[in-house]
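Single-structure report; data block below.
Predicted model, so just to flag it, every value in this text is computed and none were measured. By convention in this document, chain letters (A, B, ...) are assigned in the order of the sequence lines, proteins followed by strands, and residues within each chain are numbered from 1.
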2 protein chains.
Amino acid sequence: MMQEKLRAHIEQIVPLTDDEFQFISDHFTNKKYKKHQFLIQEGQPVKYHYFILSGLLKLVYTDGTGKQHIVSFAMENWWESDFYAYYTQTEATMSLECLEDTEVLCLTLADYKKLCDTLPKMQRFFLEKANFGFLGAQRRIISWLTSNAQARYEQLLKQYPLLIQRVPKSQLAAYLGVSRETLSRFTS
Amino acid sequence: MMQEKLRAHIEQIVPLTDDEFQFISDHFTNKKYKKHQFLIQEGQPVKYHYFILSGLLKLVYTDGTGKQHIVSFAMENWWESDFYAYYTQTEATMSLECLEDTEVLCLTLADYKKLCDTLPKMQRFFLEKANFGFLGAQRRIISWLTSNAQARYEQLLKQYPLLIQRVPKSQLAAYLGVSRETLSRFTS
DNA sequence: CTCTTAGTGTGATAAATGTCACTCTAAAAT
DNA sequence: ATTTTAGAGTGACATTTATCACACTAAGAG
C-alpha cells in the first residue's frame, strides 16, 4: 500500500497507532503525473501541499523577463508546494512541474489544519518539518554568502549526490543562480 | 511589565488566558546586553532561543578566511538564535552580537519542548513562526536568484525601511553578500 | 533511417563585482 | 584640544560571471 510510505515517514518523528494513521491517511488523496506536467501553475489557486511518493519535481519562479529560476527540487519523501500561496490561500507565484513521472499524496489546507488541531502529534510533526525546512533554507543562504558559483556547485554535489544524477546540468544552473555556460566550465 | 510584550506577540496568533500566560512566562528569563556584547559565540553551546524586547542583533557566520557574513538581523518582537545548534544541542557555528543595547527573554530548549508538549496552543504558535520563518528565507533565496546586488539592496530598503536606518551600510553589504565598496556605488 | 530536439561544451566579448589604496568626515576617546 | 576610530566614498585595476554565437552528441519521433 502506497500510504505505508507516508506512515514510515511520519513515524521517523512521532510514533502512531493504527487508528491514528488511518485517521491521518483518510485526509490524503493520491495523484499521478507524467514528466512535464504541472502540479501548480503560476496565477492559479494552490489546493494542496504534496507529499512525494516517487518521482522528481522542480519549484520554479519565473521573473519579469521570462527567465526561470529553480527555488527547489523535491523528490521521494519530500513535501512541496508554493507554500506561501497555499498557506494564505492566494494565487501561486511559482509553478511546480515534473522532471520525472511522479506520484504524490495531496493534503488540502483545511485538512492540514484539521490534522494539526485534532492530533497534537501531527502538529508536532509539521513543526519539526517546518524547523528543518527553515534550517535548510538558511544553510543555502549561508552557502550563497560565503561561496562563489563553483564552490556552491561542489557543495551541492556533496550534499545531494543522488539528485545531481537525475537533473540536467542546465537545471542545476537555474537552481544555483548561475548561467549554464558558467556551470559547464567548472571541472568537477 | 516587560513580559506583556511577549503576551501581545503570542496573542497575535493564539489567544491566551491569564493562567496560560503566567505558565508560559514562568519559563522565560530576562537578560540585558550592551552594544558589542555577544549572546552567542561560535564554538560555544547555545543555551537559549531569544525573544527580543528591545534593541538590535546580528547573526554572523565567519568563513574560513575570517570574513564575516550576516545571516540575519533581529529586532524588537523577533526571535533569534543559532537555531540549528540550539535545536540539536551542538556547538554554535555562528555568533549573535548586539548592534545596540538589547533586552531579551530567554527560553531553553527543554522549556521550549515543555511548552509545546503542555500547551498545544504554544506548539501552534511556534509552528506558525517556523512556517513564516521558512517563507522569509525562501523569499530571500528568490531575491538572490532573480536580482543583482543593486536590486537586492532596493528590495531590502523597501521591505525593512526602519531597519536600514539603524544599521551601518557596511553591515548591510555583509547581509546582501556584496562588498561595501560596491554597495557604496549604488545611487539609491 | 532521417530528422528533430534536448542537453552540453566552448570561444569571444561585455558587464558586474571584488580588491586595494587612499581620502574625508564625524563621533568617540583621551 | 587632540587623537583615535568607525563609517563612508571613490579611482584603478583584477576577477568572476553573463551573454551571444556556434558546434557537437545522443535520444526520441516520424
Fill in: Euclidean distance, atom CD1 of residue B/Ile164 to atom P of D/dG7 [Å, nearest integer]
16 Å
Worksheet item: Think A/Ser170 has a side-chain N or O under 4.0 angstrom from the OP1 or OP2 of C/dT8?
Response: yes
Worksheet entry | Under-4.0 Å salt bridge between A/Lys121 and A/Glu20 | yes
Discussion item. Taking the ring of B/Tyr33 and the ring of B/Phe38, is the distance between their centroids below 6.0 Å?
Written reply: no
Worksheet entry | Under 4.0 Å protein heavy-atom contact, by nucleotide of nucleotides 15-30 of chain D - B base, S sugar-phosphate only | --SBBBB---------
Discussion item. Rounded to whole Å, please give me the gap between CG in B/Leu176 and P in C/dT17.
Written reply: 11 Å
Fill in: A/Phe125 ring center near A/His9 ring center (under 6.0 Å)
yes
Distance-only donor-acceptor hits, side chain of residues 173-185 of chain A, under 3.5 Å, sequence neighbours excluded:
| unit_1 | atom_1 | unit_2 | atom_2 | d |
| --- | --- | --- | --- | --- |
| A/Ser179 | OG | A/Thr182 | N | 3.2 |
| A/Ser179 | OG | A/Thr182 | OG1 | 3.0 |

Item to complete: Give the angle between the helix axes at the two ends of the helix from C/dC1-D/dG30 to C/dT30-D/dA1, taking five base pairs at each end and rounding to 10°.
Response: 40°
Discussion item. Assess, by modelled atom type and distance only, whether the side chains of A/Thr17 and A/Asp19 contain a donor and an acceptor separated by less than 3.5 Å.
Written reply: no
Practice prompt. For B/Thr93 and B/Glu42, test the side chains for any donor-to-acceptor distance below 3.5 angstrom and give the result as yes or no.
Written response: no
Discussion item. Please report the distance, rounded to the nearest Å, between CG in B/Leu172 and C1' in D/dA6.
Written reply: 15 Å
Worksheet item: B/His69 has an atom NE2; how far is it from atom P of C/dG18, in whole Å?
Response: 11 Å
Worksheet item: Could you state the NZ-C1' distance from B/Lys169 to D/dG7, rounded to the nearest angstrom?
Response: 10 Å
Discussion item. Rounding to an integer number of Å, can you tell me how far B/Tyr153 OH sits from C/dT17 C1'?
Written reply: 17 Å
Worksheet item: Should the pair B/Glu100-B/Arg166 be classified as a salt bridge under the 4.0 Å nitrogen-to-oxygen rule?
Response: yes
Worksheet entry | Salt bridge flag under 4.0 Å for residues A/Lys35 and A/Asp101 | no
